Amino acid sequence: MDALALLLAATLNAGTVLAFASLGLLINERAGIVNLGAEGMMLVAAIAGFATSLHTGSDLLAFAAGAGAGALLAAVFGVLVIWLNTNQYATGLALSLFGAGFSAFVGIGYTQSKLSERMSFEIPFLADIPLIGPALFRQHPMVYLAVALTVALAWFLYRSRAGLVLRAVGESPESAHALGYPVRRIRLAAVMVGGALCGLSGAYISVIYAPLWVEGVTAGKGWIALALTTFATWRPTRVLLGAYLFGGVTMLQFHLQGEGVDIASQWLTMLPYVATIVVLVLISRNAAWIRVNMPASLGKPFHPGG
């Protein structure tokens, strides 16, 4: 029972990392922008958050630094692809490579550093319920924020006028422009908000999830988040469920290793990435289903004059 509670708690913790990043990328893609630079943004945000927490002792400032770093890199990406019409895929890959190199360089002096002991959190009374108490009600507040953000984003996209405008920009930017909406500015705002959420994810990794700094600390989670938005067909609630699914697969490898299961560690390490590939292959079998749910202008440049 205790082992199951620990596995469920770890699943929520790992899923939160993917949830923040995937929700940010979902906002980008709903506006018609594909940002393959998530991994790079998360790495820069991770070192920004870790350094801030180390020097100030404030996790709140660390998350703000991570979100700010993500938003800043996303703004640079947005200017390049929205105003200068550079190729979104190539620019995103360049951002990812830049983030990996920059974070490794800046983080050289932090590889031996350790953060102070993390605070424990629990919801009174509920945390004492057998099984679900330790699993659900002894989490960091960011875990609950991810759930609240998912609900808020679902309401925003499907129940608010601003969300309707955002989706219109992603579906038909020419029509939105003809109605007088500033397509480029809306897209830039969406890209920056998405970058801030990727930054939160990166900071969460280095400050809470694994409170240390090593080169490549995100371990490919930015790429999994990209796949997750497609897996979830660009819907926030499905993104959250998918994040917990992939988080569970990630934690399962450590659980199996701890139980002494006689499987090579390399196979267990491969589990999250194999699961990502399998899911993408399965959902790609129905191209019509993807086209129905995918924003029509996704990845395409917008030319207001033509």
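Nothing here was measured: the structure is a model prediction, and the numbers come from that model.
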Mark yes or no for whether [X], through its side chain, and [Y], through its backbone, hold a donor-acceptor pair below 3.5 Å.
| X | Y | answer |
| --- | --- | --- |
| Thr111 | Ile108 | yes |
| Ser103 | Ala100 | yes |
| Arg187 | Gly78 | no |

What about [X] and [Y], same hydrophobic cluster or not, with Ile/Leu/Val/Met/Phe/Trp/Tyr joined at side-chain heavy-atom distances under 4.5 Å?
| X | Y | result |
| --- | --- | --- |
| Leu12 | Ile132 | yes |
| Ile186 | Trp83 | yes |
| Trp155 | Leu157 | yes |
| Leu54 | Leu60 | no |
| Ile129 | Val143 | yes |

Counting only heavy atoms not in [X] (residues, nucleotides, ligands), do more than 12 fall under 6.0 Å from its [atom1]?
| X | atom1 | answer |
| --- | --- | --- |
| Arg185 | CZ | no |
| Leu84 | CG | yes |
| Glu215 | CD | no |
| Phe102 | CZ | no |

For residues [X] and [Y], report the shortest heavy-atom separation together with the two atoms involved.
| X | Y | answer |
| --- | --- | --- |
| Gly49 | Ser206 | C-OG, 4.4 Å |
| Leu298 | Tyr89 | O-OH, 4.5 Å |
| Gly222 | Met42 | CA-SD, 3.6 Å |
| Glu39 | Lys221 | OE1-N, 3.5 Å |
| Tyr110 | Ile47 | CD1-CD1, 3.9 Å |
| Ala46 | Val217 | CB-CG1, 3.9 Å |

How far does [atom1] of [X] sit from [atom2] of [Y], to the nearest 0.5 angstrom?
| X | Y | atom1 | atom2 | answer |
| --- | --- | --- | --- | --- |
| Ile224 | Phe246 | CD1 | CZ | 7.0 Å |
| Tyr244 | Thr11 | OH | OG1 | 10.0 Å |
| Met119 | Ile208 | CE | CD1 | 10.0 Å |
| Leu228 | Arg238 | CG | CZ | 12.0 Å |
| Leu136 | Ile123 | CG | CD1 | 9.0 Å |
| Thr16 | Met142 | OG1 | CE | 8.5 Å |

ask   = Among Ile33, Thr229, Leu153, Val191, which one satisfies side chain to side chain contact (heavy atoms under 4.5 Å, CB included) with Ile27?
value =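 Option passing the side chain to side chain contact (heavy atoms under 4.5 Å, CB included) with Ile27: Leu153.
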Phe77 and its side chain to side chain contact (heavy atoms under 4.5 Å, CB included) partner, picked from Thr86, Asn28, Asn35 =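 That would be Asn35.
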Taking the side chain as every heavy atom from C-beta outward, state whether [X] and [Y] have any atom pair closer than 4.5 Å.
| X | Y | result |
| --- | --- | --- |
| Tyr158 | Arg235 | yes |
| Phe20 | Leu145 | yes |
| Pro134 | Leu6 | no |
| Leu26 | Pro236 | yes |
| Val169 | Phe302 | no |
| Ser53 | Arg118 | yes |
| Trp213 | Ser113 | no |

ask   = side chain to side chain contact (heavy atoms under 4.5 Å, CB included) between Glu29 and Leu226: does it pass, once the steps are laid out?
value = CA-CA 10 Å; Glu29 295 183 13; Leu226 274 164; 4.1 Å; yes
Test log, rule side chain to side chain contact (heavy atoms under 4.5 Å, CB included), inputs Met41 and Leu95 = CA-CA 8 Å; Met41 292 189 296; Leu95 176 59; 3.9 Å; yes
key: Working for side chain to side chain contact (heavy atoms under 4.5 Å, CB included), residues Thr150 and Leu23   = CA-CA 7 Å; Thr150 301; Leu23 290 172; 3.5 Å; yes
query = Does the side chain to side chain contact (heavy atoms under 4.5 Å, CB included) test come out yes or no for Tyr204 and Asn13, once each step is laid out?
reply = CA-CA 10 Å; Tyr204 184 83; Asn13 192 23; 2.4 Å; yes
